[in-house]
Amino acid sequence: MTIAIRSAADEGAALIGRGGRRSVPPGGSTRADGWWPWLFVLPTVIGVLTFYIWPIVKTGYLSFTETGPFGGATWAGTENYAELVSDEHVWLAVGNTVVYTAIVLLGIPIALGLASLVNRPGLRCARLFRVLFFMPYIAMPTAIALVWRIIYNGDFGILNWFLGLFGIDGPYWTSTPGFAIVAVGVVGLWSSLGFGLIIFSAGLQGISTEYYEAAQLDGATRWIQFRKITVPLLTPSIFFVTVISVINGFQLFDLLYAIMGNANPATARSQSLVYIFYNQAFIQQNQGYAAAIAMLILVVIGVVTWFQFRLQRRWVNYV
């Protein structure tokens with residue numbers, strides 16, 4: 001046996017010495033691939049560098065400069081960041097953004113409950129319900145804002161009309177500081193339910209019915225099955241929806257702008273971080289300070305996302 005192994009090794013070495021090639025098993029690779037793999041990866045690399053990495057680098061550079069209304073940039077050091085730390089409007093915007101994101105996150109358990117109801121065996125028109133719930137998520141924010149501005153209208157809105165039936169005098173929802181950001185958050189919660197419902201529905205279809213059958217044999221009620229089977233097995237989907245919802249929440253702008261507008265008296269107290277960035281960059285033409293705000297948004301989203309990934313080890317169950 002030893003002689004045969006040595007003979008095969010000698011023949012392989014001789015074959016390599018004569019310029020021969022050894023056979024590569026299926027799925028294997030050699031170092032002679034050359035530049036072909038890079039040719040296929042190159043478009044993606046160029047796209048990432050052009051549309052992701054370079055804008056971040058450019059914005060980071062601009063955050064240390066002072067720009068004029070007609071262009072041109074002069075080095076300002078950390079002055080923009082010093083102003084950012086002492087700007088009370090920025091910290092108010094951070095609080096408004098956090099409040100909006102927290103309200104949107106309240107929609108996750110609601111979407112989970114709706115998904116469980118829609119995916120009940122034997123339910124008729126289940127696909128129709130999914131489509132109806134998903135339509136607000138794909139609708140234009142401007143169209144959604146116009147509808148909700150009518151609902152929130154303090155004089156003839158349907159919400160205040162409904163409250164008036166119970167003797168409650170409703171406020172001017174979108175023009176009263178304190179109420180405005182909550183009203184926008186409710187719209188964000190409503191419009192994001194469809195996304196969570198679709199993701200949770202896909203996750204529910206991947207759970208084997210054997211778990212529920214075994215639980216029924218043990219006498220578990222539907223509520224116990226939901227808490228002990230559905231929720232634990234859907235934690236990867238819940239984690240995914242949570243991360244996406246937080247990222248989208250910290251990027252609040254279009255919905256807030258469409259509902260509030262510029263002439264609203266509550267706009268100054270209801271701005272988000274992206275709204276302040278827009279105001280500084282395109283209205284005030286202070287691009288250096290706007291770049292510092294953009295870097296703050298990037299850091300906040302990055303830190304919160306990293307924190308979420310760290311915590312997911314404690315509660316996410318990967319089967």
Side-chain angles (χ1 to χ4, degrees), residues 52 97-141 144 184-218 220-255 297-298 300-319:
Y52 290 92
T97 305
V98 171
V99 170
Y100 173 84
T101 305
I103 294 175
V104 171
L105 288 176
L106 293 177
I108 294 180
I110 299 175
L112 180 58
L114 292 174
S116 300
L117 294 175
V118 170
N119 286 271
R120 292 184 60 181
L123 179 66
R124 296 181 179 181
C125 303
R127 294 182 179 179
L128 176 61
F129 291 138
R130 295 192 189 101
V131 171
L132 292 177
F133 278 110
F134 192 67
M135 285 180 64
Y137 183 76
I138 61 176
M140 295 296 294
I144 294 175
V184 176
V186 171
V187 180
L189 183 153
W190 172 79
S191 61
S192 64
L193 285 178
F195 175 75
L197 186 143
I198 293 298
I199 298 299
F200 295 147
S201 296
L204 286 170
Q205 293 175 6
I207 299 177
S208 176
T209 57
E210 296 178 355
Y211 296 114
Y212 297 102
E213 294 173 356
Q216 289 178 357
L217 292 177
D218 291 338
T221 62
R222 289 187 178 273
W223 172 243
I224 294 178
Q225 294 177 29
F226 178 78
R227 290 193 302 112
K228 300 297 184 179
I229 299 176
T230 304
V231 174
L233 294 180
L234 278 182
T235 49
S237 299
I238 296 174
F239 171 69
F240 172 76
V241 174
T242 302
V243 172
I244 298 299
S245 298
V246 170
I247 293 176
N248 291 337
F250 276 96
Q251 295 177 345
L252 169 66
F253 172 72
D254 47 3
L255 186 63
I297 297 172
L298 176 65
V300 169
I301 292 177
V303 170
V304 173
T305 304
W306 174 84
F307 190 68
Q308 288 178 292
F309 272 89
R310 292 285 296 180
L311 289 181
Q312 59 113 3
R313 302 176 182 177
R314 300 183 179 181
W315 64 276
V316 178
N317 301 314
Y318 293 103
V319 180

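These numbers come from a predicted model, not from an experiment.
Considering every non-hydrogen atom in both A115 and L197, the closest pair reads CB-O, 3.9 Å. Contact between G185 and Y100 at its shortest, heavy atoms only, is CA-CD1, 3.4 Å.
Applying side chain to side chain contact (heavy atoms under 4.5 Å, CB included) to V99 and the options T101, T97, I103 leaves one that passes, I103.
Panel note: side chain T235, backbone P232; a donor-acceptor pair is recorded below 3.5 Å.
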Contacts table for residues 236-252: side-chain donor-acceptor under 3.5 angstrom, sequence neighbours left out:
unit_1, atom_1, unit_2, atom_2, d
T242, OG1, I238, O, 2.7
S245, OG, V241, O, 2.7
N248, ND2, I244, O, 3.3

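A 4.5 Å side-chain heavy-atom check between L193 and P136 finds every atom pair outside the cut-off. Side-chain contact between L112 and L234: present, with at least one pair of heavy atoms (C-beta onward) separated by less than 4.5 Å. Using a 4.5 Å cut-off on side-chain heavy atoms (C-beta onward), W190 and I144 make contact. Taking 4.5 Å as the limit, every side-chain heavy atom of I297 sits out of range of all side-chain heavy atoms of V300. Residues I207 and Y212 meet the side-chain proximity criterion, which asks for heavy atoms closer than 4.5 Å.
Under the 30°/60° scheme for interplanar angles, the aromatic rings of F134 and Y137 are found to be tilted.
Between R227 atom CZ and R222 atom CZ the span is 15.5 Å, to the nearest 0.5 Å.
There is no side-chain donor-acceptor pair under 3.5 Å between T230 and Y211.
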